[in-house]
Amino acid sequence: MPEETRGQPARAVDLVEEESGAPGEEQRRWEEARLGAAALKFGARDAASQEPKYQLVLEEEETIEFVRATQLQGDEEPAAPPSPTQAQQQECIQAVRRSLPVFPFREELLAAIASHQVLIIEGETGSGKTTQIPQYLFEEGYTKKGLKIACTQPRRVAAMSVAARVAREMGVKLGNEVGYSIRFEDCTSERTVLRYMTDGMLLREFLSEPDLASYSVVMVDEAHERTLHTDILFGLIKDVARFRPELKVLVASATLDTARFSTFFDDAPVFRIPGRRFPVDIFYTKAPEADYLEACVVSVLQIHVTQPPGDVLVFLTGQEEIEAACEMLQDRCRRLGSKIRELLVLPIYANLPSDMQARIFQPTPPGARKVVVATNIAETSLTIEGIIYVLDPGFCKQKSYNPRTGMESLTVTPCSKASANQRAGRAGRVAAGKCFRLYTAWAYQHELEETTVPEIQRTSLGNVVLLLKSLGIHDLMHFDFLDPPPYETLLLALEQLYALGALNHLGELTTSGRKMAELPVDPMLSKMILASEKYSCSEEILTVAAMLSVNNSIFYRPKDKVVHADNARVNFFLPGGDHLVLLNVYTQWAESGYSSQWCYENFVQFRSMRRARDVREQLEGLLERVEVGLSSCQGDYIRVRKAVTAGYFYHTARLTRSGYRTVKQQQTVFIHPNSSLFEEQPRWLLYHELVLTTKEFMRQVLEIESSWLLEVAPHYYKAKELEDPHAKKMPKKTGKTREELG
DNA sequence: GAGCACTGC
């Protein structure tokens, strides 16, 4: 565990001082100095009633002092939902519908929708807005003229489960009147009038129906999450609403930011619906913690010994940290032995194999306590029953994008207030709960951002720009963004699209650009797929494209079998580079009959492979639309490599005396140590992506010849810049092409 | 010789 990911930046002063007024600057500095020395030396004055009991178990240095500061307001006590028996099912369902917080507002809400084109609906989870409002609209006749109601969700599972629930409530078969539409799966039919879908799916629908003519209502749900797709939808829907006055637009969001949504939609009214949730007491540490991982472990034990029954949810930033924390917890429990009750320690993160993930949902055995150690996955994507305590160190990993270098990085960042409150809310779903924050109240007030930076400002926008262009939006710099992306991000995207031949010099979409927009992948991948027609290798290129779009690592590397896993990986190596290795893995997996056993034996992630297969099938289905025929290179990998080069000539690097430099920007870059070419050092190569971790790494690299660049992109490269002035001075063992090495 | 937050088309 690298030290820098564990150290928490000092960022606060003592809460007690804060309460008696803002401390003077001098006092602050003194306190900061003092706190720096005093980390982790706190008494145990809190929870005084239980003090004697746990001091017998934990040493005094092993406890952390928390101060109760605020309470996350609960709403009125919820009526226990009636538990339906088979016979009374429909009646029960209607009773449950009537018991939802949104129900008393039904008429008022419908009236507001009738008199306003755009309505912002503010409501917390549990208000019933997602399941009920579309039903109200249906009952009110909004789907009578053969028109549909769309309700978008940021996640696939949400779209599926909400649709299933609504179908049950309406007593219809899922896929008939009520359906869902997500990538790889369309569960709708001619009869479908309530359509739950992912936000990205509705965005794609603009390509075939730019005016959304078949919809009478569009409801953008969970708008506060500000996903990239939701943000683009805002701009497009606002525009459509202007020339379709009969279209109703609903923007549903948590309490956050509704005023901004309202302003964006020309001061649309905000309709508030109360939520339903139990109160959560918020505790802060009295002083900052230097080592938050250690502080987490100590706090969990402290909760375990001093607090009444109820499971604990801990938020950490990533797999490595979670594994470390779980080990530390289990270690200490073992040492404490029978002095404490049983503590079940369970990790959860997206890359954890499904059977391990399922364990967190098993009920806690009587007398024991469950601790779930999670990434942000537990913040929105999944809900664990029985959580009463949340432990929040206040960090998360966040992607950021530097448009000047085109480089992505993933860094540990303090989370926003919004995120901290979302985490705290996880403690109040079944009963009143407690949230322990491993930072001070002062830090919360003064150092955390209000909200997380929206995704649109942290990501590359190549395919978004391509999509908008193909919708006829030419002036992107003046597109109506709720929060505009950095100017440089748009500029780089336009520049790359121009280089790829998707845009002409007037910035208009070309024929090839129009085709590229049809494929749901990044522009360079799109271009590569189009180029496979010329090199007669679309079968192989589809596989490469699918494998590259699975951004998880394909290879599984468990800690206890590192040597085996690395051997398995090396066995897939083929001369030429990583794209061919990916092709090799997929081909062998296909030959095994897409077997999960094969994946297990070869240390390959089954889930990633299944996803690659889904992507590949979808892309194959779209080939006809972009006029590419199915063809195979029959083992002539030069053709595959040339087709890849036709898409990725913008991402090239050459070996110089001082290592690799990108050809155009002259940035110093390195081959990633996991690459099959790590020890080869070819003279010319292309890379799939640049990532900044400990260095500027090229991930997924392929050896190429400089002459191919002139072949595939004569408009972009001139022969002169591809001459290699240092070729003869290169050391003998490096800088040779594979052909020379034999 | 490094390291993979989470989504989505």
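Below, read A as the first sequence line, B as the second, and so on, with proteins coming before strands; counting in each chain starts at 1.
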5' priority, DNA chain B, between A:Ala350 and A:Val691 [closest heavy atom] = A:Val691
key: A:Phe206: partners by ring pair (Phe, Tyr, Trp, His ring centres under 6.0 Å), with sequence neighbours left out   = none
request  = Not counting sequence neighbours, which residues clear side chain to side chain donor-acceptor pair (under 3.5 Å) with A:Gln605? List them please.
outcome  = none
request  = Please state whether the phosphate of B:dC9, meaning OP1 or OP2, lies under 4.0 angstrom from any side-chain nitrogen or oxygen of A:Arg156.
outcome  = yes
ask   = Any side-chain N or O of A:Arg699 less than 4.0 Å from the OP1 or OP2 oxygen of B:dC4?
value = yes
remark   = Quick note, salt bridge (Lys or Arg N to Asp or Glu O under 4.0 Å) partners involving residues 224-234 of chain A, not counting sequence neighbours, are A:Arg155-A:Glu225, A:Arg226-A:Asp231, A:Arg226-A:Asp483
query = Taking for each residue the nucleotide of DNA chain B bearing the nearest heavy atom, is the 5' side occupied by A:Gly318 or by A:Val157?
reply = A:Gly318
Residue-level proximity of residues 608-616 of chain A to DNA chain B when a heavy atom falls under 4.0 Å = none
task = Using the salt bridge (Lys or Arg N to Asp or Glu O under 4.0 Å) rule, collect all pairs that involve residues 405-417 of chain A, keeping only residues at least two apart or in two chains.
result = A:Lys399-A:Glu408, A:Lys417-A:Glu450
inquiry  = Please tell me if A:Thr375 has a side-chain N or O lying less than 4.0 Å from either OP1 or OP2 of B:dC6.
reply    = yes
message = Would you say A:Thr694 places a side-chain N or O within less than 4.0 Å of OP1 or OP2 belonging to B:dG1?
response = no
message = Could you check whether A:Arg183 pairs with A:Asp614 (Lys NZ or Arg NE/NH1/NH2 to Asp/Glu carboxylate O, under 4.0 Å)?
response = no
key: Residue pairs passing the salt bridge (Lys or Arg N to Asp or Glu O under 4.0 Å) test where at least one lies in residues 371-384 of chain A, sequence neighbours excluded   = A:Glu379-A:Arg423
